[in-house]
Amino acid sequence: MESQEKALKDERERAAISFKAFLLKNSPKTNMNLYDHLARLLTKVMDERLENAVDVIEDLSLDLKRSLLQDEQSTLRDIPLTSDTEHLADQQRALFTRGAGDEVDHDEEMVETPLPNVGEVSFYLEQAGVGLGREEMQRVFLAVKQLVDTQPLQRCRFWGKILGRETNYLVAEGEYREGEEEEEESEETDNAEKEDEVKEDEDDTGVVEVMDEHPKSTYKPPPVVPKEPNRTGANKFTYFVCREPGLPWVKLPSVTPAQITAARQIRKFFTGRLDAPVISYPPFPGNEASYLRAQIARISASTQVSPLGFYQFGEEEGEEEEEGARDNFEENPDFEGISAHEMVESVSTWVHHVQHILTQGRCTWVSVAEKPEEDIDEEGEEEEREEGADEEEHEAGPPLLTPLSEDAEIHNTSPWSTRLSSPLIPQFAIAVLRSNIWPGAYAYASGRKFENIYIGWGMKFAGENFTPCLAPPPESEYPSEPEIMEALDPTVEEEQAMEAAQEEQRAQEEEEGLEGDEEEEDDD
Amino acid sequence: MDSNALLYSLDLTAGNGITLSSEHKAALQTSLVILKRNYKFKRVLFWGKILGIKGDYFIAQGVAEDEMSDKKTLYSFNCMDWQLLPPATEEMLAEVSKAAKGRFVGDPSHEYEHAETLRREEEDEAVEEEVTVKVSEEKRLAATVFTIDTEVSVVPRGAYIKTPHGTVQNNRSFEGLSVTEASKLRNYLHFTEPKNLKKKSLLEMADLNPCIDFLDPLSEDIPKGSWSLQMERGGSVCVIRSLLWLGLTFFHVPMSPQHGYVYMGDGLKNLDLPFML
């Protein structure tokens, strides 16, 4: 019996040894063997004492194999690459350092600064549940401060953020000090016009051999509505954009009425690149920077609000001027502030403080017909304008500081929603106003303090589905005149009847006398 | 987004403009814990906020065993008292899509009405019948949340695995996508029953890992470009925004298991998307 047992034991031992030998066999591919791998794996489990190790044993094994591979590659040293994160951190470092020029006396610091109290704004916005996060807001405000330091601005505030498909735009609104504005833009537009003219000339010379005269287009472009000068109407403020706080601010061009009217007809996301073309129908005049500026003008015009009574019209200029032409207002020093409850109860306690943009694309109406312009020298143009002068109506929008309760409902949606920031502690809550027409536009008011902000895609609420405007009907190739009209051949009876009629007529004319002779010739 | 990392996650998705006020944040931290206990959820997610004209809905979701299908949705006005939403059925979705128009009002009992004339042919004569479909806003809310979840809920690839039992579970060993992988849209998946996966050819299927790639990737969505993927804060966080449902924001911190999505918007689908690209 014993010998039998011993034999069995030997056999088992041999089997075990041969199995161990099998485990120890190195794989020709990776030069690893299972025995070592399992030993390492179990050691790892023993070391790390994972909970429910059986669930993750496959991953552990994979990790272990991967770590062995990495070790072998370590003879090559990595080239440290500067990642975008590090790059941005370097850029933003400048925001947090005080430049040498900033070392000023305390007295000087007290001088009025164009910057609003950013900490307070950020605090209230957080109460209202709007914002980019506390730290991000801080960075944005520091970036606005940087802008104020580099540009001669009289007033500056953070306008908001417009989201794009690739990158986003942070927008700051500024007002230049009197006379310090650079006059680059007018030159730019002149150049653009010149280029257009050159192109036209090229087109003319290109046509040399023409078999038949091509039909000429009878289309006359509608008269161009003149741009509003800086500091008035839709161009009252200058806007700057940047991609991330810390990166340089870019000044946006001023807006033209044509851009505003075109922007009203299209719905298009921003890409995030200022020089990107805006591919749309009807064609948008300009690139994305202009489109962005047009949308900013539209959003500002309909969503920039303040509590009733905070602003008042100046006393000197007043009733003498036309209604709606009053575009200047000043802060009312006696304004006490309206309680948050009242401001939530009724939207008539809020007023617009940015001028309404008319369908013409300007804030103040201008008659295009009467005003002669030098830059367009087509003859037909002026004639048409003179004709159209009577037809045009004087457009007038609501005057400045109109209460919001006057706003029209769009798509059966009330244009504004109000909220109290905190229903639990209503005594200290602030009033929050939200636009339903421009989703993303917010305003808050607390006592004498208020602020507007827009964070969104820059799209108006469309209600029902958007219908792009149709292309105009194609112009007819040739004028439809009787010469080219196809008529049915007359029948024999008709011909006979006509001949008879002509005979009769001739007979009559002969009776009448000599006068008829000339007419007779005409008839033939 | 997971209620445990709510503050951190909200901060990363704040680029959209809408955040929660500190009062709401504090209330959520309290109420979601109670919610989890009362409904015996494994995990509670803060789903988002739907803005109405008169009131805003805050939405939370509770997850039981299966991460993908065992979900219950609750809504609240004050972040404190939560009400269960009815599960969305096919019938409800059809009714809502017919009747509900315009913005949310902010009152769950508000009724949307839609009159419709049905034409039937009965014994050689056409009978016109006026049918009014009435849908309460609560139903609309349930349908909207369900639709947003099926159309645009996002998870990074590998964050969830399908176990051999067929349930979908958190992948414990998910360590996040690498920085280069995180900037590719094909590494993000729709967190819903796949629709296109079965249509794929064998050759394409060969590269897929059945335990991870059981969902449809975002890169196959139509129209192309219905997602905006951006690396924000200088590349330290990947933010994906849906252009189809404006307001849906997803974030993922590369090289970390942190991810989540939140919807903060007016609950309207952007049907004009093809014109806007």
Side-chain angles (χ1 to χ4, degrees), chain A residues 52 55-56 59-60 63 83-89 91-92 126-136 160-161 163-168 244 266-269 272 280 411-414 417 419 421-425 434 436 439-440 442 453-457 459 461-466 468, chain B residues 10-27 49 51-56 77-78 80 101-103 105-106 163 169 171-175 179 225 227-237 239 241 243 246-247 264-266 268 270-277:
Chain A
N52 304 340
D55 294 345
V56 287
D59 294 319
L60 276 181
D63 270 354
S83 67
D84 291 345
T85 324
E86 289 158 359
H87 190 67
L88 186 73
Q91 293 270 345
Q92 289 185 338
E126 201 187 329
Q127 296 291 303
V130 194
L132 306 170
R134 196 180 286 177
E135 288 78 22
E136 187 70 7
K161 177 177 177 182
L163 302 168
R165 281 159 55 203
E166 290 161 31
T167 50
N168 308 320
E244 292 260 7
I266 60 174
R267 270 175 87 72
K268 198 127 175 75
F269 279 124
S280 67
H411 310 293
N412 302 322
T413 314
S414 65
S417 290
R419 296 275 187 287
S421 71
S422 161
L424 294 179
I425 318 168
R434 184 167 76 207
N436 292 327
Y442 288 82
I453 193 166
Y454 178 87
I455 305 176
W457 293 93
M459 290 296 134
F461 172 57
E464 296 291 308
N465 302 346
F466 167 68
Chain B
L10 275 177
D11 195 42
L12 291 177
T13 54
N16 241 11
I18 310 177
T19 54
L20 297 181
S21 67
S22 20
E23 190 177 294
H24 286 143
K25 279 184 201 163
K49 180 170 155 186
L51 308 173
I53 303 280
K54 292 185 187 123
D56 301 339
F77 286 102
N78 54 4
M80 217 57 209
K101 292 263 154 58
R103 296 281 305 266
V105 174
T163 61
Q169 304 219 307
N171 184 1
R172 278 177 49 187
S173 54
F174 177 63
E175 283 182 336
V179 180
W227 295 93
S228 146
L229 188 149
Q230 297 184 13
M231 302 299 282
E232 285 194 358
R233 315 214 169 166
S236 59
V237 55
V239 175
R241 297 193 177 91
L243 304 182
L246 292 181
M264 301 244 194
D266 46 17
L268 298 177
N270 182 15
L271 293 171
D272 308 333
L273 178 65
F275 297 110
M276 297 171 78
L277 296 176

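Values in this document were obtained by computation on a predicted structure and should not be read as measured data. Chain A is the first sequence line, chain B the second, and so forth, proteins listed ahead of strands; every chain is numbered from 1.
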What distance separates A:Thr167 OG1 from B:Met231 CE, expressed to the nearest 0.5 Å?
-> 14.0 Å
A:Trp457 CH2 to B:Asn270 CG distance, which is reported to the nearest 0.5 Å = 9.5 Å
Counting only heavy atoms not in A:Glu166, do more than 12 sit closer than 6.0 Å to its CD atom?
-> yes
Segment of A:Arg434 engaging chain B (4.5 angstrom heavy-atom cut-off) | side chain
Closest non-hydrogen atom pair, A:Leu163 against B:Gly15 = CD2-O, 3.7 Å
Given a strict heavy-atom distance threshold of 4.5 Å, which part of A:Val56 is in contact with chain B: side chain, backbone, both, or neither?
-> side chain
Nearest-0.5 Å distance, CD1 of residue A:Ile425 to CD of residue B:Glu23 = 6.0 Å
Check B:Asn16 against A:Ile455 and note the closest heavy-atom contact, atom names and distance.
-> O-CG2, 3.6 Å
Counting only N and O atoms by type, is there a donor-acceptor contact under 3.5 Å from the side chain of B:Gln230 to the main-chain atoms of A:Gly164?
-> yes
Under a 4.5 Å heavy-atom cutoff, which of A:Ala128, A:Gly160, A:Gly131 has the most pairs with chain B?
-> A:Gly131
Least distance between heavy atoms, A:Ser414 atom then B:Ile53 atom = OG-CG2, 3.4 Å
If you tally heavy-atom pairs under 4.5 Å against chain A, which of B:Leu243, B:Leu271, B:Leu20, B:Leu12 wins?
-> B:Leu243
Measure distances from A:Leu424 to the heavy atoms of chain B and classify the residue's part below 4.5 Å as side chain, backbone, both or neither.
-> both
State whether the number of non-hydrogen atoms from other residues, nucleotides or ligands found under 6.0 Å of A:Arg267 atom CZ is greater than 12.
-> yes
Looking at A:Asp63, A:Leu132, A:Ile453, which makes the most heavy-atom pairs under 4.5 Å with chain B?
-> A:Leu132
Please name the pair of heavy atoms, one in A:Phe461 and one in B:Arg103, separated by the smallest distance, quoted to 0.1 Å.
-> CZ-CG, 3.8 Å
Counting only heavy atoms closer than 4.5 Å, note whether A:Glu136 contacts chain B via side chain, backbone, both or neither.
-> side chain
Begin with the C-alpha distance, continue with both residues' side-chain angles, and end with the deciding distance and a verdict on side chain to side chain contact (heavy atoms under 4.5 Å, CB included) for A:Met459 and B:Leu246.
-> CA-CA 11 Å; A:Met459 290 296 134; B:Leu246 292 181; 5.5 Å; no
Hey, does A:Arg419 have a side-chain heavy atom less than 4.5 Å from the side chain of B:Asp56?
-> yes
Among all residues two or more places apart in sequence or in another chain, which pass the side chain to side chain donor-acceptor pair (under 3.5 Å) test with B:Asp266?
-> none
Examine distances only and state if a side-chain atom of A:Lys161 and a backbone atom of B:Gly17 form a donor-acceptor pair shorter than 3.5 Å.
-> no
Is A:Phe269 close to B:Leu273 at the side-chain level, that is, under 4.5 Å between some pair of heavy atoms?
-> yes
With a 4.5 angstrom heavy-atom cut-off, which part of A:Glu135 approaches chain B: side chain, backbone, both or neither?
-> side chain
NZ (A:Lys268) and CG (B:Leu277) are apart, to the nearest 0.5 Å, by 7.0 Å
For chain B, which of A:Asp59, A:Asp55, A:Leu60 has the most heavy-atom pairs under 4.5 Å?
-> A:Asp59
From A:Ser280 OG over to B:Met276 CE, what is the distance, rounded to the nearest 0.5 angstrom?
-> 12.5 Å
Sub-3.5 Å donor-acceptor pair from the side chain of B:Ser228 to the main-chain atoms of A:Arg165, do we have one?
-> yes
Using atom types as modelled and distance alone, determine if a side-chain donor or acceptor of A:Ser417 lies under 3.5 Å from a backbone N or O of B:Lys54.
-> no
